[in-house]
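To start, the structure itself, in structure tokens.
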Amino acid sequence: MNEKKSFLASAGPNTLLAHIGNDPMDYHGFVNPPVVHASTVLFPNAATMESRAQKYTYGTRGTPTTDALCEAIDALEGSAGTIVVPSGLAAVTVPFLAFLSAGDHALIVDSVYFPTRNFCDTMLKRLGVSVEYYDPMIGAGIESLIKPNTKLVHTEAPGSNTFEMQDIRAISTVAHRHGCVVTMDNTWATPLYFKPLDHGVDISIHASTKYPSGHSDILLGTVSANAAHWEPLKEANITLGICGSPDDSYQILRGLRTMGVRLDRHQESALYIARWLEEREDVARVLHPALPSFPGHELWKRDFAGSSGIFSFVLKAESKDRFKAKAHAFLDALSLFGLGYSWGGYESLALHVGLSDRKICAAPSEGPVLRLQIGLEDVADIRKDIEAGLAAAKAV
Ligand SMILES: Cc1ncc(COP(=O)(O)O)c(C=O)c1O
């Protein structure tokens, strides 16, 4: 057989997803890797035990199964190395602990995933790190917020729930000029639609719980680093002992194989629903970066190769005291959509977005914000269900 690696170097994204990670010939030709459950790893003799000069030494430091996933993620991200951690939230907290120390200052985007903010405002503060939130649209203007002790700039684009875009290249360039590490939560786009390391980011963070899993049944996170940041990230992972399990890693690798075709469908249906909602007179605004009407659209068009299946819309309401009643009427009238947190699975989900945590990004004033995860169901059924929700909200 010819060398597969060189073929894959110029292959398309779905071909890559089908073939990256494990090499079947490393394990008797079986297409999928074995799930190796391990704490103990044996050494052949005392000298090897002392030098640890073998590939695997202990379960927390990687197994053939977690390595298969890490290698697949490195191929997608273009990273020097990847760690696997037990949740998407841990994929944020582990690099923060790796690169921040007492006395440091961190800049965090204000449209950040709320549990990231909670970690910063509680544990990071307790450990002596000061945290400041910045406007997602700040771009190169972030320079004015950088202090001599600023060590980390965290980005997330689009932002959680309200989908603000960020000029990742401009922010990274300025941050690097001041010696800061740039991290990015890229869960929304996946490396298929945006490759953070190609845009200057040092650490790319993913909740694999979402699209890589695709089935709402696994919690896992990956953190991928460029060459300059790989050693300290790996070291922090080993020091903290926060490692993902082989079973979950296997399931995420399995999910990756179909992620491209699933994302195509999520993208197509979400765009159809977003455009349809935008035309309705009971909808004030649709918060979806791939719509030309969205303020960050030009950045999305410049940098991203696609859009995934989650966005929000603002339902029109006459006065603020009706926001909650209208939002609840919409949600309670849904049959197909589940009311649940998370996203990236095969099924449609909806929730009423709370924005009281925001310090800079003002919540929309026209009405309640409703977030939709558009699943893999037939789009006519998805639309029919939303129509029922909108009719119920209108009656409030
Ligand atoms: C943007 C983003 N990052 C990280 C996470 C955390 O993922 P997990 O649920 O696996 O902790 C989520 C979960 O909703 C998320 O939306």
Side-chain angles (χ1 to χ4, degrees), residues 69 73 77 82-97 108-120 122-123 133 136 154-166 168 183-194 196 201 203-224 240 242-245 247-249 251-252 255-256 259 263 266 270 287-289 296 304 307-312 338-345 347-355 357-358 361 369-375:
L69 176 60
I73 300 292
E77 298 272 3
T82 291
I83 59 167
V84 178
V85 293
S87 69
L89 181 55
V92 177
T93 61
V94 168
F96 282 14
L97 291 171
I108 311 289
V109 66
D110 193 44
S111 47
V112 74
Y113 172 57
F114 174 74
T116 298
R117 183 192 300 274
N118 183 52
F119 175 74
C120 292
T122 56
M123 199 166 283
Y133 294 93
H154 181 63
T155 62
E156 181 182 330
S160 269
N161 297 323
T162 38
F163 302 92
E164 293 89 344
M165 290 301 300
Q166 293 196 253
I168 299 295
T183 55
M184 178 174 187
D185 185 333
N186 188 42
T187 302
W188 184 86
T190 84
L192 291 196
Y193 292 161
F194 186 75
V201 169
I203 301 285
S204 174
I205 291 165
H206 282 274
S208 329
T209 307
K210 317 299 180 195
Y211 294 111
S213 158
H215 293 75
S216 307
D217 53 356
I218 307 286
L219 286 163
L220 208 75
T222 61
V223 192
S224 305
L240 288 162
I242 299 177
C243 51
S245 82
D247 285 311
D248 292 339
S249 299
Q251 294 291 354
I252 296 300
L256 282 183
M259 187 173 77
L263 269 174
H266 284 295
L287 311 179
H288 190 311
F304 283 55
S307 59
S308 60
I310 181 170
F311 67 93
S312 293
L339 307 188
Y341 296 107
S342 205
W343 43 282
E347 84 288 26
S348 291
L349 297 170
L351 60 81
H352 179 200
V353 170
L355 294 167
D357 62 317
R358 299 282 165 94
C361 308
V369 179
L370 291 150
R371 191 182 83 181
L372 301 176
Q373 127 85 9
I374 303 299

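Values in this document were obtained by computation on a predicted structure and should not be read as measured data. Indexing begins at 1, ligand by ligand and atom by atom, following the structure's order.
Ring centers of F304 and Y193: at least 6.0 Å apart, outside the cut-off. Within the 6.0 Å centre-distance limit, the rings of W343 and Y211 are counted as a close aromatic pair.
For ligand 1, none of its N or O atoms has an N or O atom of S342 under 3.5 Å away. Annotation: L220 places no N or O atom under 3.5 Å from an N or O atom of ligand 1; distance criterion only. Geometrically, ligand 1 and G88 share a nitrogen or oxygen pair separated by less than 3.5 Å.
With a heavy-atom cut-off of 4.0 Å, W188 does not touch ligand 1 at all. The backbone and the side chain of L89 each have at least one atom closer than 4.0 Å to an atom of ligand 1 (non-hydrogen atoms only).
The single protein non-hydrogen atom nearest to atom 9 (O) of ligand 1 is K210 NZ, 3.5 Å, given as residue, atom name and distance. Nearest non-hydrogen protein atom to atom 16 (O) of ligand 1 is W343 NE1, 3.1 Å. Protein heavy atom in closest approach to atom 10 (O) of ligand 1: T209 OG1, 2.5 Å. Closest to atom 2 (C) of ligand 1 among all protein heavy atoms lies D185 OD2, 3.5 Å.
Proximity of a side-chain donor or acceptor of N186 to a complementary backbone N or O of F194 within less than 3.5 Å is detected. No donor-acceptor distance shorter than 3.5 angstrom exists from the side chain of S213 to the backbone of I252, with no hydrogens or angles considered. A donor-acceptor pair under 3.5 Å is absent between the side-chain atoms of Q251 and the main chain of G255, judged by distance alone. Judged by distance alone, with hydrogens and angles left aside, the side-chain atoms of T187 form a donor-acceptor pair with the main-chain N or O of A207 at under 3.5 Å.
The CE atom of M123 sits 8.0 Å away from the CG atom of L97 when rounded to the nearest 0.5 Å. Here the straight-line distance linking atom NE2 of H154 with atom CZ of R117 works out to 11.0 Å at 0.5 Å rounding.
The shortest distance between side-chain heavy atoms of L263 and S308 falls below 4.5 Å.
Atoms of ligand 1 found under 4.0 Å from any heavy atom of E156 (numbered from 1 in listed order, with element): 1 (C). Heavy-atom proximity to Y113, at under 4.0 Å, picks out these atoms of ligand 1: 2 (C), 3 (N), 4 (C), 5 (C), 6 (C), 12 (C), 13 (C), 14 (O), 15 (C), 16 (O). Each of the atoms 10 (O), 11 (O) of ligand 1 lies under 4.0 Å from some heavy atom of S87.
In this structure, Y341 falls outside the shell of residues with a heavy atom less than 4.0 angstrom from ligand 1.
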